[in-house]
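Every chain is numbered from 1, with letters handed out A, B, ... down the list of sequences. Quick caveat: nothing in here was measured; it's all calculated off a predicted structure.
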There are 2 protein chains.
Amino acid sequence: MNTLIINPPQLQWPELIKRPLVNNENLEQTVSEIINNVKQTGDEAIKKYSLQFHGFAPDNLWITKDEIKNASKSLDKNLKKAIHLAKDNIEKFHQSQIEKVKKITTLPGVTCWRKNVPIEKVGLYIPGGSAPLFSTLLMLAIPAKIAGCKNIIVTTPAQIDGKISNAILYVADILRIDKIYKSGGAQAIAALAYGTQTLEKVYKIFGPGNQYVTCAKKLVNANGIAIDMLAGPSELAVYADDTCVPEFVAADLLSQAEHGSDSQVVLIAPYKKIIEKIIDAIHQQLPLLSRKNIIEQSFLNRRFIVIKKKEEAFEFLNEYAPEHLIIASKKAYRHGRYITNAGSVFLGNLSAESAGDYASGTNHSLPTNGYAKTHSGVSVDSFVKKIAFQKINKKGIKNIGNAVEVMAEAEGLEAHKNAISIRLKQMKN
Amino acid sequence: MNTLIINPPQLQWPELIKRPLVNNENLEQTVSEIINNVKQTGDEAIKKYSLQFHGFAPDNLWITKDEIKNASKSLDKNLKKAIHLAKDNIEKFHQSQIEKVKKITTLPGVTCWRKNVPIEKVGLYIPGGSAPLFSTLLMLAIPAKIAGCKNIIVTTPAQIDGKISNAILYVADILRIDKIYKSGGAQAIAALAYGTQTLEKVYKIFGPGNQYVTCAKKLVNANGIAIDMLAGPSELAVYADDTCVPEFVAADLLSQAEHGSDSQVVLIAPYKKIIEKIIDAIHQQLPLLSRKNIIEQSFLNRRFIVIKKKEEAFEFLNEYAPEHLIIASKKAYRHGRYITNAGSVFLGNLSAESAGDYASGTNHSLPTNGYAKTHSGVSVDSFVKKIAFQKINKKGIKNIGNAVEVMAEAEGLEAHKNAISIRLKQMKN
């Protein structure tokens, strides 16, 4: 699959849009056991797993207010400034997602509307791992705050010294989040889903993670706990035409590939030559990068494909339904209309995916693994539910009463009919 | 649980908000087998199950255009009129859910927006059973059409004569839906999820059904197929104060209970006397109803509770998170602000649940079993995904470039930083 693929017939597409397979037969069993242990012994299980997986067990699983306040002092000034710029942009974009109540009079006397009401209790999982992802905390906590969620609990694994990164604590501080629980992995998801002695269970769990975290989210979801989405390995597809800048495309593909060895990059271009130029640029840039080994691993999953016809190229991309899609072209804006399935789209040569990952304002929690065909990325919508309301007065019940009676009768639901008849009758008296 | 409960302490609430348990140990195994058979032999399996469960196998699993056209001729005029009134109201309310694109400039040169894009292929399951639910077809197909879904497939079980009810066909006709597949049960869900020789699989499956249908939706969902929600037995909670009309409340509770023996009604009032009056009215109305037996069965699951304090009553109701909530009070509109968890709310003595079930304009596909804490009912939103777009120009990359570089570096993602640096550098040249 790693050679250049030229104009693949549609029959070959299903194979080409397949994501790298995660091979772990015992995953579900292992994760089920972890969840059951957390259900049974709560915080103790969390400490036990912390010791087992990370080599230490924190005395106090909760971050203290002092720890949060102190983080600000030792954090680099430039990073603080950058975080504030990102925060402002993310807030601006997500605030535009707030929906006003629109009252609709469907017939005189019949008024219907929907009201966005925050999900009361939410849990945000922030991965630690090789690097503390404070950007993910920005991306999840900002819409949660804008939505008005009352109880926001963050869980994130502590570093080997038992501490949480200053950047994560700083973001929590400026967003006024003070419930931070030191736990990662499947056990953290179990704690959010079922609660522990010190952690009140939440209604919905957000955030990306490794295969254990994703499996735990899947299992608790099957058990009735809402989740944002099942996040698989990250993906980027690029459509590059002869107006692209090969060095930029190369840099974008490399940036995607550094996420992890299971990440995938797809590149589509109308001519072989464009791809060759991009490969040249990759060869120049790759040796200088610190995560070279991960990138090389991840590049084993790459798909570099020539599809001559633009329409067919976008048909392929829509079938693939990438998490991120870059249109590396001066005509990007016009090409935008072909896109029917994608998580987040970056139009034009200067719209780097990194920008959306951190600071342009859009959310970086996006549907992977083809879920972009049906799912949206995280937004304020993800933190609310829309409750329908209706108010019917005398005029209203007169206007629709008979129709309801006739339809209820036709469906054989006499008591439904009666609930209207009894009202119509009383009004006549 | 069937006696009147007076001011239950909060400790007792978890027991009180429990839904009736569906007891079917072998359900998952049975449904898995059905799904596997449909995966293997497609339309043949569908015919086999039709013969097995309904006593006949249709020759042609697809409704013909003639069948659709003929339905109109034999349908009662009054029913047609009622259906058109309902259609107009449902369309009016759901059209108000269309979101316009809002382009947000987060910083000069950085523009972000979201675009609602229809889910291309959707399947609508319409239950047959004791009565053909043409109202459900209105509730699912209208938002699907407004969203712009291209491929809409309806599946519904045929009646014993191999036909589909004229009312369902008529609704399909006026909504211009021509793909109707004669299949019900878990096998229909399997057909939608995995396709058959004649049915192209869909991306998302909608619609209520019995426990087999719900279990099938759960299983295909765990396998990556999107679904609207897991619909459990229907529920209604009523808050009635001394300004309610006991006869109306009684009629509403009875109408809910006639859905099925596993339906549940909850009634909360500040005084015992109010509930007693409602019970009196129930005793008067019940004997006259055709579905009396089902109602009596369902009433075994009822919860009639006195909670004196209004705030506490709504706290209980929010914990219960009912699918339908009626506020039977002259002060209903003011009480509305206490509601944080519910599917659809009916304000005031004239707002019968039946009205919303059929014709007021709101959707009747709603979250049950406490899912209203996190989920919304079906709406146009359910048939689209929101794709994020961004466009960054030279000014934009200058404005946010440095922040992205600093944040990417702090997260140890050098290639992410490089994707920005290479662009900033080129612009200087």
(request) Heavy-atom distances under 4.5 Å only: say whether B/V117 touches chain A with side chain, backbone, both or neither. (result) side chain
(request) Report yes if some heavy atom in the side chain of B/Y358 is under 4.5 Å from a heavy atom in the side chain of A/L413; otherwise report no. (result) yes
(message) Less than 4.5 Å to any heavy atom of chain B: does that hold for the side chain of A/I168, its backbone, both, or neither?
(response) neither
(request) State which residues pass salt bridge (Lys or Arg N to Asp or Glu O under 4.0 Å) with B/D357; sequence neighbours excluded, sorted by chain then number. (result) none
(message) Let me confirm one number: the CE-OG distance from A/M407 to B/S354, rounded to the nearest 0.5 Å.
(response) 11.5 Å
(request) Verify, without hydrogens or angle tests, whether B/T106 (side chain) and A/S360 (backbone) share a donor-acceptor contact under 3.5 angstrom. (result) yes
(message) Working to the nearest 0.5 angstrom, can you tell me the gap between B/I392 CD1 and A/N349 CG?
(response) 12.0 Å
(request) Please state whether the side chain, the backbone, both or neither of A/A250 comes within less than 4.5 Å of a heavy atom of chain B. (result) neither
(request) Name the option with the most non-hydrogen atom pairs under 4.5 Å to chain A; the candidates are B/A410, B/P367, B/A415. (result) B/A415
(request) Would you mind telling me which of B/A226, B/A419, B/S376, B/G361 has the largest number of heavy-atom pairs within less than 4.5 Å of chain A? (result) B/S376
(message) Please find the pair of heavy atoms, one from A/A352 and one from B/I420, that lie closest to each other, and give the distance.
(response) CB-CD1, 3.8 Å
(message) Please report the interatomic distance CD(B/Q390) to CG(A/L347), rounded to the nearest 0.5 Å.
(response) 8.5 Å
(message) With a 3.5 Å distance limit and no angle check, can you tell me whether B/K373 reaches the backbone of A/Y203 through a side-chain donor-acceptor pair?
(response) no
(request) Pick one of side chain, backbone, both or neither for A/K218, based on which atoms fall under 4.5 Å of a heavy atom in chain B. (result) side chain
(request) Can you see which heavy atom on B/Y371 is nearest to which on A/G224, and at what distance? (result) OH-CA, 3.4 Å
(request) Starting at CG of A/N418, measure out to CZ of B/F248 and round the result to the nearest 0.5 Å. (result) 11.0 Å
(message) The criterion is salt bridge (Lys or Arg N to Asp or Glu O under 4.0 Å); which residues satisfy it with A/E91, sequence neighbours excluded?
(response) A/K87
(request) Tell me, out of A/I397, A/L107, A/I327, who's got the most heavy-atom pairs with chain B below 4.5 Å. (result) A/L107
(request) Identify the heavy atoms of A/I387 and B/A342 that sit nearest to each other, and give their distance. (result) CG1-O, 3.4 Å
(message) Name the residue from B/N341, B/T374, B/T340 that meets the side chain to side chain donor-acceptor pair (under 3.5 Å) definition with A/K385.
(response) B/N341
(request) Might you point out which heavy atoms bring B/A251 and A/I422 nearest each other, and give the distance in Å? (result) CB-CG2, 4.0 Å
(request) For the pair A/Y333 and B/W113, name the ring-plane relationship: parallel under 30°, tilted 30 to 60°, perpendicular over 60°. (result) tilted
(request) Quick one: which of A/I119, A/N89, A/I104, A/V404 has the most heavy-atom pairs under 4.5 Å with chain B, could you say? (result) A/N89
(request) Check each atom of A/V406 against the heavy atoms of chain B and say whether the ones under 4.5 Å are side chain, backbone, both or neither. (result) both
(message) To the nearest 0.5 Å, what is the distance between CD on A/E353 and NE2 on B/H416?
(response) 5.5 Å
(message) Could you check whether any side-chain N or O of A/R114 sits under 3.5 Å from a backbone N or O of B/T362, counting only pairs where one atom can act as donor and the other as acceptor?
(response) no
(request) Would you mind checking which part of B/Q426 comes under 4.5 Å of any heavy atom in chain A, side chain (CB onward), backbone (N, CA, C, O), both or neither? (result) side chain
(request) State whether the side chain of A/E411 and the backbone N or O of B/F134 hold a donor-acceptor pair below 3.5 Å, judged by distance alone. (result) yes
(message) Using a 4.5 angstrom heavy-atom cutoff, name the option from B/K417, B/Q97, B/E405, B/K292 with the most pairs to chain A.
(response) B/Q97
(request) Any chance you could measure B/I90, atom CD1, to A/C112, atom SG, to the nearest 0.5 Å? (result) 10.0 Å
(message) So which atom in B/L85 and which in A/A403 form the shortest heavy-atom distance, rounded to 0.1 Å?
(response) CD2-CB, 3.7 Å
(request) Grab the two heavy atoms, one from B/L350 and one from A/M427, that are nearest each other, plus how far apart they are. (result) CD1-SD, 4.3 Å
(request) Would you mind telling me which of B/A408, B/G377, B/G336 has the largest number of heavy-atom pairs within less than 4.5 Å of chain A? (result) B/A408
